[in-house]
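Take a look at the structure set out below.
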Amino acid sequence: MTDKAVRWVMRGKSEPLVAVDFEPFPPPPGEVVIKVAGCGVCHTDLGYFYDGIRTKHALPLCLGHEISGHVIAAGRGGESWIGKAVIVPAVIPCGQCDTCRRGKATICPNQKMPGNDIHGGFATHIVVPAIGLCPIDESKLKAAGISLADVSVVADAVTTPYQAVLQSGVRQGDVVVVNGVGGVGGYCAQIAKAFGGTVIAVDVSLEKLSALAGETAALTLNARELQPRDLKSTIQAFTKERGLRQTEWIIFECSGTKAGQETAFSLLNHGATLCVVGFTMDKIEVRLSNLMAFHARALGNWGCPPDLYPAALDLVLQGHVKVTPFVEQHPLDDINYVFDAVHRGEIKRRAILVPSI
Ligand SMILES: [Zn+2]
Ligand SMILES: [Zn+2]
């Protein structure tokens with residue numbers, strides 16, 4: 001345990017992140033030290049860094065909540081995890097409280113989110129509660145040709161839409177519209193397809209649309225070229241031609257933008273389900289009564305309960321959800337460049353910061 005531990009901390013809005021040494025050993029009872037294999041850069045991290053969205057933990061704080069790695073030390077009670085490859089849930093519930101006991105782990109009032117409530121994964125090591133860790137069968141990972149660092153995106157970019165798809169009840173024959181098919185939406189489209197939905201992908205980026213065309217999305221639509229009303233009529237014409245439903249569309253808003261939310265709301269039809277997966281601080285003006293008039297519903301979800309992680313990971317290991325084409329690894333030491341490049345839209349795939357390269 002002579003590893004030197006370093007984490008990159010945020011000191012203030014848009015101030016360069018700095019590397020700081022820290023001592024992760026020994027972990028407290030019930031917690032483990034994980035040697036980080038990779039940590040994905042999420043839209044939420046950029047929100048804290050560039051938009052001044054407040055973290056719950058005071059600054060300085062190490063961001064990053066999409067983490068995979070190996071458990072290398074454990075406090076009392078966590079010994080069975082030592083040596084295992086794991087994914088750290090983006091939202092770690094306490095497992096003890098009333099909401100947890102009633103199976104509502106994502107709204108646990110004592111939850112810990114790395115990079116928000118506690119120091120996160122843009123680091124060589126992280127100390128987290130052992131509860132909720134998702135074990136990874138490394139032989140299956142190897143057989144699937146996926147690196148441990150790449151599977152870090154399961155912690156949020158895959159599991160958050162997995163939870164959204166599950167709670168929306170997508171099944172065979174459903175018409176699914178995914179608005180915004182970037183970091184999270186691309187996985188949402190693949191998961192909805194795996195659940196039997198016919199997926200229509202909407203985005204303003206041709207590159208993102210073409211990555212899903214054919215195999216995942218039955219139809220791709222460029223929102224830049226179509227007014228919301230035309231978008232709806234185009235989807236209506238397509239679904240009619242295919243003999244698909246004109247009611248009960250399941251719409252996932254994954255862009256986390258004002259325009260995207262307006263578009264998603266405009267697609268409501270009778271019995272529709274609107275799932276708000278993306279986040280923005282912006283407000284939109286809608287006629288909320290449309291929910292009533294259409295007998296529609298709107299759902300949100302904060303992360304995903306840890307007990308659903310193994311099933312989400314299985315979709316990746318079985319090849320139903322591909323991660324490798326949608327991610328790219330960068331050295332952790334380049335974090336300031338990577339944040340800037342993601343923010344400017346220069347890096348289009350999910351960036352994963354890797355300590356050892
Ligand atoms: Zn995230
Ligand atoms: Zn709890």
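Side-chain atoms are counted along with the backbone in the values below, which use heavy atoms only and exclude waters and symmetry mates. First listed ligand is number 1; within each ligand, the first listed atom is number 1.
- For the Zn ion (ligand 1), the set of nearby N, O or S atoms under 2.8 Å includes one belonging to Cys42.
- With the Zn ion (ligand 2) as the vertex, SG (Cys97) and SG (Cys108) define an angle of 110°, rounded to 10°.
- Neither side chain, His125 nor Glu23, offers a donor N or O lying under 3.5 Å from an acceptor on the other.
- Using modelled atom types, one finds no donor on one side chain facing an acceptor on the other under 3.5 Å when comparing Trp302 with Gln163.
- Vertex the Zn ion (ligand 1); arms to His65 atom NE2 and Asp156 atom OD2; angle 100° (nearest 10°).
- Taking the ring axis of Phe22 as reference, the NZ or CZ atom of Arg7 stays within 45° of it and closer than 6.0 Å to the ring centre.
- For the atom pair Lys322 NZ and Leu212 CG, the distance stands at 11.0 Å (nearest 0.5 Å).
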